[in-house]
Amino acid sequence: MQKIDPSVCDKLRDEYSNLFEEALLNEICDVSEYATITKGNLLIDIGDELKFIPLILKGTIKISRKENDKELALYYLEQGDTCAISFANCLHTSKSVFKGLVEKDAEMLLLPVDRIEGWLVKYESWRHYIIDSYHFRLLEMVDSIDALAFLKMKERLLKYLRNIAKSSKDSMIEITHQEISEDLNTSRVVITRLIQELHDEGDIFSTRNKIRVL
DNA sequence: ACATTAAGTGATT
DNA sequence: AATCACTTAATGT
């Protein structure tokens with residue numbers, strides 16, 4: 001494995017220097033690999049072997065579950081995130097239970113599995129980072145379950161749109177009804193009708209391929 | 001101008 | 001809320 005470019009190391013420091021101690025940053029620079037994945041490509045699919053843990057430097061990755069042809073979006077990974085779920089996964093089963101699709105061109109560092117366990121005892125900051133990450137993902141998962149169990153599709157849709165607008169820091173979302181329906185595991189027709197209602201009620205403003213959250 | 005893709009609609013379950 | 005079957009509108013070549 002070749003050493004990563006110093007400029008990538010700088011990016012890592014920009015994002016993590018207040019989180020990780022110097023020695024850990026150095027180790028990460030020494031042993032990890034740099035990867036870029038463009039929009040539309042898979043970072044990981046269900047059943048894939050997990051050989052690394054991604055540390056996201058840039059971009060967005062949609063994490064979802066899949067059963068047969070059906071799918072359900074769970075949450076998004078962004079700058080500063082890692083998939084801590086993949087962490088425990090790595091140590092034991094090593095097969096991913098999630099699908100990770102790159103939604104916005106992403107840059108990341110791939111941390112080799114065999115190192116991360118040692119860091120857990122060696123670095124307090126790493127320990128905290130992993131535990132926090134776990135906690136955060138769990139909360140997001142609970143949120144998804146709640147929405148699924150207690151909300152009507154219209155409420156789920158609005159929540160979904162607001163969530164995207166919030167995390168992308170842009171009230172203008174570029175997406176088709178078809179894509180939304182896939183994320184929420186429903187049909188396009190249903191989304192089209194609900195989008196109309198939300199539009200009429202003034203929650204959103206929608207045009208072809210675009211939705212503005214108000 | 002034509003083909004493709006996205007979105008809208010009525011009727012039915 | 002899902003599905004079918006069809007229409008209309010927007011967009012790319």
Side-chain angles (χ1 to χ4, degrees), chain A residues 35-48 54 56-79 81 83-86 89 95-108 134-214:
Chain A
T36 57
I37 305 182
T38 52
K39 183 180 169 181
N41 290 298
L42 281 178
L43 167 64
I44 189 115
D45 205 354
I46 293 171
D48 282 2
I56 314 297
L57 298 176
K58 216 178 154 210
T60 310
I61 293 153
K62 180 172 78 189
I63 302 297
S64 54
R65 277 249 73 194
K66 192 173 63 171
E67 187 81 39
N68 302 324
D69 298 335
K70 300 176 172 196
E71 218 171 307
L72 178 72
L74 291 173
Y75 53 78
Y76 296 83
L77 293 182
E78 303 194 291
Q79 185 177 66
D81 288 336
C83 192
I85 309 295
S86 64
N89 234 324
K95 291 263 168 75
S96 178
V97 297
F98 295 127
K99 170 183 166 185
L101 179 77
V102 175
E103 294 243 302
K104 282 209 308 226
D105 291 1
E107 296 175 27
M108 67 199 75
Y134 240 99
H135 182 229
F136 199 61
R137 296 301 148 220
L138 177 67
L139 291 181
E140 291 195 283
M141 213 90 89
V142 166
D143 210 49
S144 291
I145 293 173
D146 282 350
L148 215 46
F150 306 129
L151 300 184
K152 308 241 186 218
M153 188 53 83
K154 190 159 146 190
E155 303 170 293
R156 274 221 280 153
L157 172 60
L158 188 55
K159 191 182 167 86
Y160 167 88
L161 293 171
R162 284 184 170 147
N163 187 22
I164 291 179
K166 191 179 166 194
S167 60
S168 67
K169 296 186 189 73
D170 188 355
S171 66
M172 189 62 103
I173 303 167
E174 288 208 39
I175 198 166
T176 65
H177 296 179
Q178 182 64 49
E179 291 168 320
I180 298 173
S181 71
E182 282 162 15
D183 281 352
L184 297 181
N185 186 26
T186 179
S187 71
R188 191 228 93 211
V189 187
V190 169
I191 294 301
T192 296
R193 289 185 168 132
L194 293 175
I195 289 280
Q196 266 176 0
E197 289 182 33
L198 289 173
H199 179 99
D200 292 343
E201 288 162 17
D203 293 311
I204 61 174
F205 184 86
S206 90
T207 53
R208 188 188 167 100
N209 285 326
K210 286 189 180 100
I211 294 167
R212 164 151 262 138
V213 179
L214 305 171

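Below, chains carry the letters A, B, ... as their sequence lines are ordered, and counting in each starts from 1. These numbers were taken from a predicted model, which means no experiment stands behind them.
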Practice prompt. Walk me through it: do A:Ile164 and A:Ile211 pass the test side chain to side chain contact (heavy atoms under 4.5 Å, CB included)?
Written response: CA-CA 11 Å; A:Ile164 291 179; A:Ile211 294 167; over 6 Å; no

Item to complete: State plainly whether the residues A:Glu155 and A:Lys152 are in salt-bridge range, i.e. N to O under 4.0 Å.
Response: no

Worksheet item: How many angstroms lie between atom OG1 of A:Thr60 and atom NZ of A:Lys62, to the nearest 0.5 angstrom?
Response: 11.0 Å

Item to complete: Round to a whole Å and report the spacing from NZ of A:Lys210 to C1' of C:dT11.
Response: 12 Å

Worksheet item: Taking atom types as modelled and ignoring hydrogens, do the side chains of A:Ser171 and A:Arg212 form a donor-acceptor contact shorter than 3.5 angstrom?
Response: yes

Show me the protein contacts with nucleotides 1-7 of chain C, counting only N or O atoms at under 3.5 Å.
| from | atom 1 | to | atom 2 | distance (Å) |
| --- | --- | --- | --- | --- |
| C:dA1 | OP1 | A:Met153 | N | 2.7 |
| C:dA2 | OP2 | A:Thr186 | OG1 | 2.2 |
| C:dT3 | O4 | A:Arg193 | NH1 | 3.2 |

Fill in: Under 3.5 Å donor-acceptor, A:His199 side chain and A:Ser206 backbone
yes

Fill in: SB check A:Lys99 A:Glu71 (cutoff 4.0 Å)
yes

Discussion item. At 4.0 Å (heavy atoms only), tell me whether A:Thr192 reaches a base, stays on the sugar-phosphate, or touches nothing.
Written reply: base

Worksheet, complete the sentence: chain A reaches DNA chain B, atoms under 4.0 Å from its heavy atoms, from B:dT5 to B:dA11

Discussion item. Taking A:Thr176's backbone N and O only, do any of them form a donor-acceptor pair with A:Glu179's side chain (distance below 3.5 Å, no angle check)?
Written reply: yes

Worksheet item: How long is the span from the CG atom in A:Leu101 to the CG atom in A:Asp183, to the nearest 0.5 Å?
Response: 9.0 Å

Fill in: Protein-nucleotide distance (A:Asn209, atom CG; C:dA10, atom P), rounded to Å
12 Å

